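A quick write-up on the structure given underneath.
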Amino acid sequence: MKPRTLEELVTSVASLLTATQAETWVASAEQVLHEVVDYFGLDVCFLRRNDHEIGATVLVAEWPRRENKPDPDPLDIVYFADAGPEFASAENLKDVILARPGGSSTAYQDRVGRASGVLAASMVAVPLLSGEVTTGTLGFVKFGDREWSTAEINVLKAIAALLTQVQERVRAENSLHYWADHDELTGLANRHSLLDQLNGRMAPGSPGPVAILFLDLDRLKSLNDFLGHSAGDRFIVEIGARLTGRCAPDALVARLGGDEFVVVLGEGVGLDDARHEAERISEFVNEWVLLGNVTFSRSASIGIAVGMPGDCTAADLLWQADQAVIGAKAQGGNAIVAFTEDMREEIEIRNIIELSLRSSITDDWLHLVYQPEVDLRTGEILAVEALVRWDHPVLGLLLPQSFISVAESTNLAGELGAWVLGRACREYAQWRARIPGLDVTLRVNVSPAQLVGLEFLDIVARILEENGVDGGHVCLEITENVVVGDLDRTRVVLQGLADLGVRVAIDDFGTGYSSLAQLKQLRFDVLKIDREFVRDLGNSPSGRAIVESIVGLAKSFDLDLVAEGVETEVAARALLELGCHRAQGYLFSRPVSAERCGELLRAGRIRVGDPQPSRA
Ligand code: C2E
Ligand code: CA
Ligand code: CA
């Protein structure tokens, strides 16, 4: 029904706009203009929105539609800077303006004239106001002259207000759509849109192979720490721009968040080409970036995955590339690693381990082997080190390297550690009960994650007590890196152990990052020279120099010194010459079962050349 009063007009416009959404917005606006034109008997009515980012007013809708609209349309996008005063004033228009023929608006008349072929006209321009911001203009044109009453102008304002509301709603809706697919910082495709597009590429029947590169910038955190997050952000934006600018036009560049990017290479790119592309990208990512007045550069770790559509899903391909980049990181960064099936196998084993470890921390699946430590001069056994083994029902016998780190990353380090200490103390107590006068040290490895646990000291005290083992007979081995972690916490724990009489050894000494200054602040009793240095002892002067300096260090700190990994008589002799007389290694004994260890302890000493069991 056609509106007959001003009130009916407003009601009708409101009802036209209630259900409007992004897709129907232009059509609805056009309908509103149509209604207004009919009601007031106008010649032209238009709605323009302000795009303050590009500094222009943009045509949204007009009624009637112009026939023979010129192309390009001079009324479509009009930049404030190069428009006449009417258009320029639209930028920040706050009040209604009325223009009547005979005014001075020649540039405007010219532009309208070129676009519509009409010269003299009267116009009302009503701003669309959203708070302080002018978001658009609503224009009402009558060829020739026309007067407007205040009531009519108020209705035009009411209509403008309704349109403003809907326009804002549409803008929000559009930006939601946009940001659902784009990364806010870089404007690149985001994870959602990457998966969307990669799903298409990996759909069965699509051309293959499909290669993707997973980039992870190395040590970006330090940049954030030194220069602040906005510098880190600018760096990421620059890298994103380089990737889009310098990758082939058919490549898709996405940012997954943080400092992670994914490049999906164009059709039919195989592994070799992907590797070349990764090398090229690695080079230009490495180039300097100017941030303020400082230049910076960061290398990238790149993981490559290549898959055939149908054989492999988008999610799987991304997972592969992610695993490959983890491999590249593990090489110390600035590396390119392609995913292989071997990696999948390793990861699967890790998963099995992860899944079965918790239920396997029982006497049924775990056991300890022991490796003696001897006095190089006499062969006397001074200590035994407990080393954990896992008899996995599916994977067979597992060495600690394959599951200690899993235990640490799944919060099982504490449980596993408590089992080890408990079992070691129990077996140690049995030896003591059976072998009169036995006075060797029991060495037990402690993982860093275990040491920082709050109940650690209580657990140690309880286990010693339960098994009737004197703290003075136990030495816990911790790696050097623990020390660097949380110095205060470590100091408290080490003091607590000292109170229990338990001694502490720094394991794998020389491979960590601790400084002497840090080590000096802590109380410990023994240094174990890492087997890497011991291995080099016999065959290189530098190996000898390193061990020599560790010996000097131990002397000046008044620490006991143990060499581990002694495999040859040459190494054993060199150690004695340098003044280290405690040693552990295959030369004397491999790790052996508790039972066999009991026999060795009963004998009390090991002579080099004694027959050894081949494995434990
Ligand atoms: P580690 O504490 O440095 O233990 C010595 C490792 O060197 C043992 O390997 C031992 O079998 C090996 N080894 C001994 N003599 C020689 C030798 O002459 N030559 C060579 N090449 N190797 C020798 P294993 O038992 O595989 O243990 C590896 C690491 O796992 C240990 O290194 C230790 O850090 C960790 N680990 C072992 N048991 C436990 C445990 O119960 N708890 C924790 N947290 N870590 C453990
Ligand atoms: Ca050890
Ligand atoms: Ca060691």
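Remember, it's 1-based here, ligands and their atoms both numbered in the order they're listed. It should be emphasised that the depicted structure is a prediction, and the values quoted were computed from it without experimental measurement.
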Exercise. Among all protein heavy atoms, pick out the one at the shortest distance from atom 35 (C) of ligand 1; state its residue, atom name and that distance to 0.1 Å.
Key: P400 CB, 4.1 Å

Practice problem: Please say which of I302, L215, D216, L213 ends up in a side chain to side chain contact (heavy atoms under 4.5 Å, CB included) with V325. | Solution: D216

Self-check item: Metal-centred angle, OD1 of N445 through the Ca ion (ligand 2) to OE2 of E385, rounded to 10 degrees
Solution: 90°

Quiz item: Hey, does P591 sit under 4.0 Å from ligand 1 if you only count heavy atoms?
Solution: yes

Quiz item: Would you say K528 contacts ligand 1, with heavy atoms under 4.0 Å as the rule?
Solution: no

Please say whether [X] places an N or O atom under 3.5 Å from an N or O atom belonging to ligand 1.
| X | answer |
| --- | --- |
| N445 | yes |
| L387 | no |
| D507 | yes |

Self-check item: Considering only N, O or S atoms of E564, the one closest to the Ca ion (ligand 3)
Solution: OE2

Quiz item: Which N/O/S atom belongs to D508 and is the closest one to the Ca ion (ligand 3)?
Solution: OD1

Quiz item: Can we say R596 and E599 salt-bridge, meaning some charged N sits less than 4.0 Å from an Asp/Glu carboxylate O?
Solution: yes

Per [atom], closest listed option by heavy atom ([options]):
| atom | options | result |
| --- | --- | --- |
| atom 32 (O) of ligand 1 | E477, R531, R535 | R531 |
| atom 44 (N) of ligand 1 | A413, S447, S405 | S447 |
| atom 25 (O) of ligand 1 | R389, R590, E373, Q401 | R389 |

Quiz item: Hey, what do you get for CG (L318) to CD (Q320), rounding to the nearest 0.5 Å?
Solution: 9.5 Å

Practice problem: Supply the atom-to-atom distance D560 CG to F524 CZ, rounded to the nearest 0.5 angstrom. | Solution: 11.5 Å

Quiz item: Which of the atoms of ligand 1 are close to D508, meaning less than 4.0 Å from one of its heavy atoms?
Solution: 3 (O)

Practice problem: Assess the pair W319 and F214: is the distance between their ring centroids shorter than 6.0 Å? | Solution: no

Quiz prompt | Protein heavy atom under 4.0 Å of atom 9 (O) of ligand 1 | solution = no

Practice problem: Tell me, please, if D530 has any N/O/S atom, main chain or side chain, under 3.0 Å from the Ca ion (ligand 3)? | Solution: no

Quiz prompt | Which N, O or S atom of E477 lies nearest to the Ca ion (ligand 2), by name | solution = OE1

Quiz item: Hey, is the Ca ion (ligand 2) within less than 3.0 Å of some N/O/S atom on D507?
Solution: yes

